[in-house]
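Here is the structure we will look at, set down as structure tokens.
Quick caveat, the model's predicted, so the values are computed rather than measured.
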Amino acid sequence: QIAEELGDTAMQYWIQADARLAALERGDGAAIDVEFERSRRIRARIPHASVQWNGTVHDAWTAGLRGDLGEYERLAEAAFALGSSGGEPDALMMFGAHLINLRDHQGRLDEMVPIIEQAVVDFPALPAFRPILLYAKTRAGEFDQAREMLEEDLAGAFILPADHTWTTGMACWANAAFILGATEAVPLLRAHILPYHDQIVNSGATFWPGLCHYLGLLDHLGARHDEAEGWFAEALELHQRIGSPILIARTQASWAALLCERNREDDRDRARTMTLDALETANTGGYGYIAADAHALLAGPLL
């Protein structure tokens with residue numbers, strides 16, 4: 001309101017950019033749409049290269065959140081071109097963040113291992129690249145190296161700076177621990193994540209499921225099946241509220257795996273319904289890991 005009263009259009013832009021990220025964090029899909037349209041209107045009046053680059057960075061993840069990974073990639077490349085030509089110092093880092101996020105949603109994160117290894121070296125002020133690398137190595141099947149890294153990080157108490165990459169680092173550690181079956185990592189990761197369970201994971205340029213989803217993975221790993229189901233129920237509601245098909249399908253697939261393991265009363269029937277829904281969404285949108293997880297369930301416990 002103050003920026004509008006002052007007629008400061010540039011300040012209006014930066015305020016709405018933060019407002020869009022805040023809406024993402026709290027899972028407010030309607031507010032994301034409002035800020036998206038506000039951004040377009042404001043940017044039409046500001047030719048400044050930095051604003052155009054930043055706006056395209058946010059448009060990219062917004063397209064992915066809505067399920068269109070092709071548009072996500074197109075806008076990520078457009079943002080990188082704008083940032084590079086405009087001399088933005090963070091253009092390469094933001095593009096790298098987009099690609100890591102995009103390839104994970106596509107089921108191709110293993111391709112990014114060399115790039116993430118370089119990012120660990122190039123961006124020492126962002127230590128979250130280490131848990132991202134650890135998670136990527138699990139997706140690449142480099143389990144021995146990933147276990148060694150996880151043991152080192154557990155010994156260091158999974159500490160990260162409280163910056164814009166904190167939730168991403170915690171999510172990657174939780175993912176890696178689940179894939180590796182590292183039950184010893186559960187108590188500490190759970191304690192770190194629990195106070196922020198209702199927030200969507202993001203880094204200012206990316207999106208992953210809500211932290212409640214990762215609590216579901218950790219409690220599944222720790223054989224706290226009923227608690228895990230509660231977290232997945234919260235995550236599904238959060239993802240439905242934000243209107244993200246890829247996040248909805250991710251939680252459906254993870255919840256179905258939990259139900260197959262618990263195998264109580266109608267758990268298998270519910271798991272089959274969730275798995276088929278997730279698979280249909282994944283096949284339509286090109287969400288590789290979700291499709292693979294769904295196929296594994298249908299070929300295994302749900303056969």
Exercise for the section: Treating Ile, Leu, Val, Met, Phe, Trp and Tyr as nodes and any side-chain heavy-atom pair under 4.5 angstrom as an edge, say whether F123 and W173 lie in one connected cluster. Expected result: yes

Exercise for the section: Without swapping roles, check the side chain of S254 against the backbone of T251 for a donor-acceptor pair under 3.5 Å. Expected result: no

Practice task
Answer whether the closest heavy-atom distance between the side chains of T167 and I200 falls below 4.5 Å.
Solution key: no

Per-pair distances, 0.1 Å, donor-acceptor, side chain in residues 65-77, under 3.5 Å, sequence neighbours excluded:
unit_1	atom_1	unit_2	atom_2	d
R66	NH1	I242	O	2.5
R66	NH2	G29	O	3.2
R66	NH2	D33	OD1	2.6
D68	OD1	G70	N	3.2
D68	OD1	E71	N	3.0
E71	OE1	R74	NE	2.9
E71	OE2	R74	NH2	2.8
Y72	OH	N101	OD1	2.8
E73	OE1	R103	NH1	3.4
E73	OE2	R103	NH1	3.3
E73	OE2	R103	NH2	3.0

Practice task
Only pairs at least two apart or in different chains count here, so list each salt bridge (Lys or Arg N to Asp or Glu O under 4.0 Å) that has a residue in residues 241-257.
Solution key: E237-R241, R250-D293

Problem - Within-4.5 Å side-chain heavy-atom neighbours: H105 and W208 - result: yes

Practice task
Using the side-chain contact (heavy atoms from CB on, under 4.5 Å) rule, pick out the option among L258, L215, V186 that qualifies with H220.
Solution key: L258

Practice task
Taking only Lys NZ, Arg NE, NH1 and NH2, and the carboxylate oxygens of Asp or Glu, determine whether E35 and R40 approach each other closer than 4.0 Å.
Solution key: no

Handout entry: R130 with D153: basic N within carboxylate O range, under 4.0 Å
Key = yes

Handout entry: Pair S203, T206: side-chain N/O donor-acceptor within cut-off below 3.5 Å
Key = yes

Exercise for the section: Decide whether Q12 and Q16 meet the rule of one side-chain donor and one side-chain acceptor closer than 3.5 Å. Expected result: no

Problem - Closest heavy-atom pair and its distance - N283, A291 - result: OD1-CB, 4.1 Å

Practice task
Verify the neighbour count for atom NE2 of H164: are there more than 12 heavy atoms of other residues, nucleotides or ligands below 6.0 Å?
Solution key: yes

Practice task
Would you kindly confirm whether V34 and F36 end up in one hydrophobic cluster when ILVMFWY residues are joined by side chain heavy atoms under 4.5 Å apart?
Solution key: no

Exercise for the section: Tell me, with the steps shown, if W166 and Y196 meet ring pair (Phe, Tyr, Trp, His ring centres under 6.0 Å). Expected result: CA-CA 11 Å; W166 186 90; Y196 313 103; 5.3 Å; yes

Handout entry: Distance, nearest 0.5 Å, that separates CG of D219 from CZ of R224
Key = 4.5 Å

Exercise for the section: Evaluate salt bridge (charged side-chain N to carboxylate O under 4.0 Å, His left out) for E117 paired with K137, printing each intermediate quantity in order. Expected result: CA-CA 10 Å; E117 286 176 333; K137 283 183 176 291; 3.1 Å; yes

Show every donor-acceptor pair shorter than 3.5 Å between a side-chain atom in residues 79-96 and any protein atom, with sequence neighbours excluded, or say none if there are none.
unit_1	atom_1	unit_2	atom_2	d
S84	OG	F80	O	2.8
S85	OG	A81	O	3.0
S85	OG	L82	O	3.1
E88	OE2	S50	OG	3.0

Handout entry: Distance-minimising heavy-atom pair for R268 and P301
Key = NH1-O, 2.7 Å

Problem - Single-linkage hydrophobic cluster, 4.5 Å side-chain cutoff, I132 and L217 together - result: yes

Exercise for the section: Measure the CG-CH2 distance between L236 and W231 for me, rounded to the nearest 0.5 Å. Expected result: 15.0 Å

Exercise for the section: Taking the side chain as every heavy atom from C-beta outward, state whether N175 and F178 have any pair of such atoms under 4.5 Å apart. Expected result: no

Practice task
Quick one: closest heavy-atom pair of I193 and A174, and the distance?
Solution key: CD1-CB, 4.4 Å

Fill in the blank from the handout: Smallest heavy-atom separation, T281 atom then P245 atom, equals CG2-O, 3.7 Å

Handout entry: Distance, nearest 0.5 Å, that separates CG of L279 from CD of Q252
Key = 11.0 Å

Practice task
Rounded to the nearest 0.5 Å, what's the gap from CG on L221 to OG1 on T183? Could you check?
Solution key: 6.0 Å

Exercise for the section: Begin with the C-alpha distance, continue with both residues' side-chain angles, and end with the deciding distance and a verdict on salt bridge (charged side-chain N to carboxylate O under 4.0 Å, His left out) for R139 and D110. Expected result: CA-CA 6 Å; R139 290 300 193 183; D110 56 297; over 6 Å; no

Problem - Worked verdict on Y287 versus D104 for side chain to side chain contact (heavy atoms under 4.5 Å, CB included) - result: CA-CA 9 Å; Y287 314 146; D104 186 40; over 6 Å; no

Handout entry: Atom pair CZ/CD of F143 and E148 - distance to nearest 0.5 Å
Key = 14.0 Å

Practice task
Using atom types as modelled and distance alone, determine if a side-chain donor or acceptor of D277 lies under 3.5 Å from a backbone N or O of M274.
Solution key: no

Practice task
Would you name the heavy atoms of I290 and I246 that are closest together and state the gap between them?
Solution key: CD1-O, 3.5 Å

Practice task
Would you sort out whether H98 and W61 count as a ring pair (Phe, Tyr, Trp, His ring centres under 6.0 Å), showing the intermediate values?
Solution key: CA-CA 8 Å; H98 276 156; W61 66 254; 9.1 Å; no

Practice task
Could you tell me whether R147 and E152 make a salt bridge, using a distance below 4.0 angstrom between a side-chain N and a carboxylate O?
Solution key: no

Handout entry: Single-linkage hydrophobic cluster, 4.5 Å side-chain cutoff, I15 and L24 together
Key = no

Problem - L6 CG: over 12 foreign heavy atoms closer than 6.0 Å - result: yes

Handout entry: R272 with D269: basic N within carboxylate O range, under 4.0 Å
Key = no

Handout entry: For L150 against A177, the heavy-atom pair lying closest together
Key = CD2-CA, 4.1 Å

Practice task
Take Y214 and H197, measure what ring pair (Phe, Tyr, Trp, His ring centres under 6.0 Å) needs, and give me the verdict at the end.
Solution key: CA-CA 9 Å; Y214 298 99; H197 62 91; over 10 Å; no

Problem - Beyond-backbone contact of C260 with D267, side-chain heavy atoms, under 4.5 angstrom - result: no

Practice task
Give a yes or no on whether L189 and I179 share a hydrophobic cluster (residues Ile, Leu, Val, Met, Phe, Trp, Tyr; joining criterion: side-chain heavy atoms under 4.5 Å apart).
Solution key: yes

Completion exercise
Interatomic distance, OH@Y13 vs OG1@T9, rounded to 0.5 Å, equals 13.5 Å

Practice task
Please examine the side chains of N202 and T168, heavy atoms only from C-beta on, and report whether any two atoms are closer than 4.5 Å.
Solution key: no

